[in-house]
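Structure record follows, encoded as C-alpha cells.
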Amino acid sequence: MSLKRRPALAGLTMVLVVALAACGGGNDSGSSSAGGAAKGDSGYAQHKDKDVKVTGLRDSVRHVTRRTRKASRPHYVKKCETESRRVRHTSRSKGRTRTWYTTESYRDCEKVRKGTETYTRVVRKERWCVRLDDVDGKPKRDDVWYRVSPATYSQVNGADDRAEVSVEWLSQGC
C-alpha cells in the first residue's frame, strides 16, 4: 500500500467507526439496556440480569418431548489429485549464477458432491415447563409458564398440587 493513501484510509476508517457507534449504540425505547427482549416480543424472553428465582403456587407441569424427522442432504467426499510442478532453483558462487530445475509433487484436494445422505433433523427441542399461580406473592399473577431445567421440573412435579415452590427459570413461556 502506498504511503500517500494511508492517511486517507485511516480517516475513512475513523468516520466509519464513529458512524457505526452512533447508529448501533443508542438506548432507544424499543429495547432494554441489558440486551433483553424488546417491547412486543413473545413470552420467550431470555433473562440476562433479572432475578431468575421465582416463588409461586404449583399449578401444572408440562414435558414437551423432542420431535425429529428424517431428512436428506447432499453428501460431500474429499477428492484429491497428485500433481507435479517444475521448480526453478538458483545459486550464486564465484560471480557465476547456476540454475537447475526439479519436479515437486503436491496434492490438490477439494470436496465434491456425491449423492445424498439421510440424517435425523430436530424439529422441536425437548423442554420442561412449570405453570405457577400467585407468582412472587402477587395474587393477580396467575397461570405464568416458565421453562426450567429437568432437575427443577422433577422437583416441582413431585410437589403437591397448589404447594408453594421456588424455581430457577431459563426463560418465560413454554
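The chain is numbered in sequence order, starting from 1.
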Handout entry: Pair listing, side-chain hydrogen bond (donor to acceptor under 3.5 Å, both in side chains) test, anchored in residues 104-113, at least two apart
Key =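 Residue pairs with at least one partner in residues 104-113: E83-Y106.
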Exercise for the section: Show the numbers, then the answer: is there a side-chain contact (heavy atoms from CB on, under 4.5 Å) between R147 and W169? Expected result: CA-CA 6 Å; R147 191 169 62 88; W169 53 276; over 6 Å; no
To the nearest 0.5 angstrom, please state how far the [atom1] atom of [X] sits from the [atom2] atom of [Y].
X	Y	atom1	atom2	value
S149	E168	OG	CD	8.0 Å
E164	L132	CD	CG	10.0 Å
L57	D161	CG	CG	9.5 Å
T68	Y119	OG1	OH	11.5 Å

Where [X] and [Y] come nearest, the two heavy atoms and their spacing:
X	Y	result
S91	W100	OG-CZ3, 3.6 Å
S154	A151	OG-O, 2.9 Å
V165	A159	CG1-CB, 4.0 Å
T102	H89	OG1-NE2, 2.8 Å
S166	Q155	O-NE2, 4.5 Å

Exercise for the section: Check which hydrophobic residues are tied to V77 through side-chain heavy-atom contacts below 4.5 Å, counting indirect links as well, and list them. Expected result: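 V77 clusters with V112.
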Handout entry: Contacts of type side-chain contact (heavy atoms from CB on, under 4.5 Å), residue T103, not counting sequence neighbours
Key =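 Counting only residues at least two positions away or on another chain, T103 forms a side-chain contact (heavy atoms from CB on, under 4.5 Å) with S84.
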Practice task
Identify, with sequence neighbours excluded, every residue that meets side-chain contact (heavy atoms from CB on, under 4.5 Å) alongside V61.
Solution key: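 Residues passing side-chain contact (heavy atoms from CB on, under 4.5 Å) with V61: R58, V130, Y153, V156, N157.
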Using side-chain hydrogen bond (donor to acceptor under 3.5 Å, both in side chains) as the criterion, list what pairs up with [X], not counting sequence neighbours.
X	result
D133	R162
D134	none
Y101	none
T99	none

Practice task
Sorted by first residue and then second, give each ring pair (Phe, Tyr, Trp, His ring centres under 6.0 Å) pair with at least one member in residues 66-88; sequence neighbours left out.
Solution key: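 Pairs touching residues 66-88 that pass the test: none.
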Problem - Sequence neighbours excluded - disulfide (SG to SG under 2.5 Å) pairs with any residue from residues 109-158 - result: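 Qualifying pairs, neighbours excluded: C80-C109, C129-C174.
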Practice task
Report the C-alpha separation of T152 and Y146 in whole Å, then their side-chain angles, then the decisive distance to 0.1 Å, and conclude whether the side-chain contact (heavy atoms from CB on, under 4.5 Å) test is met.
Solution key: CA-CA 11 Å; T152 305; Y146 294 101; over 6 Å; no
Practice task
Could you name each residue pair satisfying salt bridge (charged side-chain N to carboxylate O under 4.0 Å, His left out) that touches residues 65-77, not counting sequence neighbours?
Solution key: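 Qualifying pairs, neighbours excluded: R73-E117.
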Exercise for the section: Determine, step by step, whether K125 and V64 satisfy the side-chain contact (heavy atoms from CB on, under 4.5 Å) criterion, reporting the C-alpha distance in whole Å, the side-chain angles of both residues, the deciding distance to 0.1 Å, and the verdict. Expected result: CA-CA 8 Å; K125 290 182 180 179; V64 182; over 6 Å; no
Exercise for the section: Using the test ring pair (Phe, Tyr, Trp, His ring centres under 6.0 Å), find all partners of H63 that sit at least two apart in sequence or belong to another chain. Expected result: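 By the ring pair (Phe, Tyr, Trp, His ring centres under 6.0 Å) rule, H63 matches W128.
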